[in-house]
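Report on the structure given below.
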Amino acid sequence: QVQLVESGGGLVEAGGSLRLSCTASGRTVSTYTNAWFRQAPGKEREFVAAIIWRGGSTNYADSVKGRFIISRDNAKNTVYLQMNSLKPEDTAVYYCAAGIYGLAYRAAGDFPYWGQGTQVTVSS
């Protein structure tokens with residue numbers, strides 16, 4: 001099993017920045033890709049960004065490309081999501097996920113391991 005714990009959410013004004021962290025524990029060697037998803041009230045969970053644990057290749061949703069940066073610290077088993085130029089429409093619960101497939105897989109169902117989520121609220 002892999003356990004994921006997110007932190008770093010909060011309330012920020014539009015145009016501001018936040019950095020989310022996701023620390024993995026357990027059988028982390030069984031995962032290949034880490035990703036961030038988000039879910040706004042009344043909407044489906046959507047892909048935000050993903051990173052390959054070894055090598056560091058990344059993939060982003062078009063809605064966050066150029067504003068968000070995903071990175072990882074292998075020594076700390078931690079993945080980060082730096083969110084800049086935040087917009088009210090970025091408001092959502094953000095979830096960290098881990099899986100065994102590559103960057104081409106962006107559906108929530110492709111990821112077996114999930115964190116509990118952290119709330120991000122962007123005020124206008």
Side-chain angles (χ1 to χ4, degrees):
Q1 282 284 39
V2 176
Q3 293 79 43
L4 303 172
V5 178
E6 304 104 329
S7 62
L11 173 64
V12 65
E13 292 185 351
S17 298
L18 279 175
R19 188 177 80 157
L20 305 182
S21 300
C22 172
T23 300
S25 60
R27 296 189 61 181
T28 57
V29 293
S30 66
T31 62
Y32 181 70
T33 303
N34 277 92
W36 288 95
F37 286 75
R38 66 187 181 186
Q39 188 166 18
K43 295 188 176 181
E44 292 187 355
R45 192 167 297 189
E46 66 172 359
F47 172 84
V48 175
I51 188 167
I52 297 295
W53 195 246
R54 292 182 177 85
S57 296
T58 58
N59 195 2
Y60 295 92
D62 288 344
S63 59
V64 306
K65 201 171 294 183
R67 299 188 298 123
F68 290 10
I69 301 171
I70 188 170
S71 62
R72 86 270 189 256
D73 184 330
N74 291 21
K76 296 181 178 180
N77 280 340
T78 299
V79 176
Y80 303 98
L81 185 68
Q82 177 67 42
M83 305 185 294
N84 302 318
S85 302
L86 283 161
K87 306 174 182 180
E89 50 264 44
D90 294 317
T91 295
V93 177
Y94 282 70
Y95 296 91
C96 178
I100 61 173
Y101 301 124
L103 293 178
Y105 295 84
R106 298 165 58 144
D110 295 326
F111 292 84
Y113 306 111
W114 291 87
Q116 81 286 355
T118 185
Q119 177 71 46
V120 171
T121 303
V122 184
S123 63
S124 57

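Keep in mind the model is a prediction, meaning the values are calculated, not measured.
- Geometrically, Arg19 engages Tyr80 in a cation-pi contact, judged by NZ or CZ lying under 6.0 Å from the ring centre and within 45° of the ring axis.
- With Tyr94 as reference, Arg38 is the one residue of Arg38, Gln119, Glu6, Gln39 to meet the side-chain hydrogen bond (donor to acceptor under 3.5 Å, both in side chains) rule.
- Tyr60 places a side-chain heavy atom less than 4.5 Å from the side chain of Ile69.
- Under the 4.5 Å side-chain heavy-atom criterion for Ile, Leu, Val, Met, Phe, Trp and Tyr, Val122 and Val48 are members of the same hydrophobic cluster.
- Within the 4.5 Å cutoff, side-chain heavy atoms of Leu86 are placed close to those of Phe68.
- Lys87 contributes atom NZ, which lies 14.0 Å from atom OG of Ser124 (distance to the nearest 0.5 angstrom).
- Looking at Arg106 and Asn59, their side chains do bring a donor and an acceptor atom within 3.5 Å of each other.
- One finds the CD1 atom of Ile51 at 8.0 Å from the CG atom of Asn34 (value rounded to the nearest 0.5 Å).
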> Can you list the steps and then say if Thr78 with Thr23 is a side-chain hydrogen bond (donor to acceptor under 3.5 Å, both in side chains)?
Replying inline: CA-CA 4 Å; Thr78 299; Thr23 300; 3.1 Å; yes

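- Between Asp110 and Thr33, the closest side-chain pair of non-hydrogen atoms is not below 4.5 Å.
- The shortest distance between side-chain heavy atoms of Ile100 and Tyr105 does not fall below 4.5 Å.
- The two atoms that bring Gly56 and Arg72 nearest to each other are N-NH2, 3.6 Å, heavy atoms only.
- A 4.5 Å side-chain heavy-atom check between Cys96 and Trp36 finds at least one atom pair inside the cut-off.
- Within the 4.5 Å cutoff, no side-chain heavy atoms of Asp90 are placed close to those of Met83.
- Here CG of Leu4 is found 4.5 Å from SG of Cys22. Values are rounded to the nearest 0.5 Å.
- Between the OG1 atom in Thr118 and the CG atom in Leu18 there is a gap of 9.0 Å [rounded to 0.5 Å].
- Transitive grouping of hydrophobic side chains (ILVMFWY, heavy atoms separated by less than 4.5 Å) brings Leu81 and Val64 into a common cluster.
- Across all non-hydrogen atoms, the minimal contact from Ala98 to Phe111 is C-CD2, 3.6 Å.
- Gly117 and Tyr95 get closest at one heavy-atom pair: CA-CD2, 3.6 Å.
- If you chain together hydrophobic residues whose side chains sit under 4.5 Å apart, Leu20 and Phe47 never meet in one group.
- Once rounded to the nearest 0.5 Å, the distance linking OH of Tyr32 with CG of Leu103 reads 7.5 Å.
- Contact detail for Ser85 and Ser17: the closest heavy-atom pair is N-OG, 4.4 Å.
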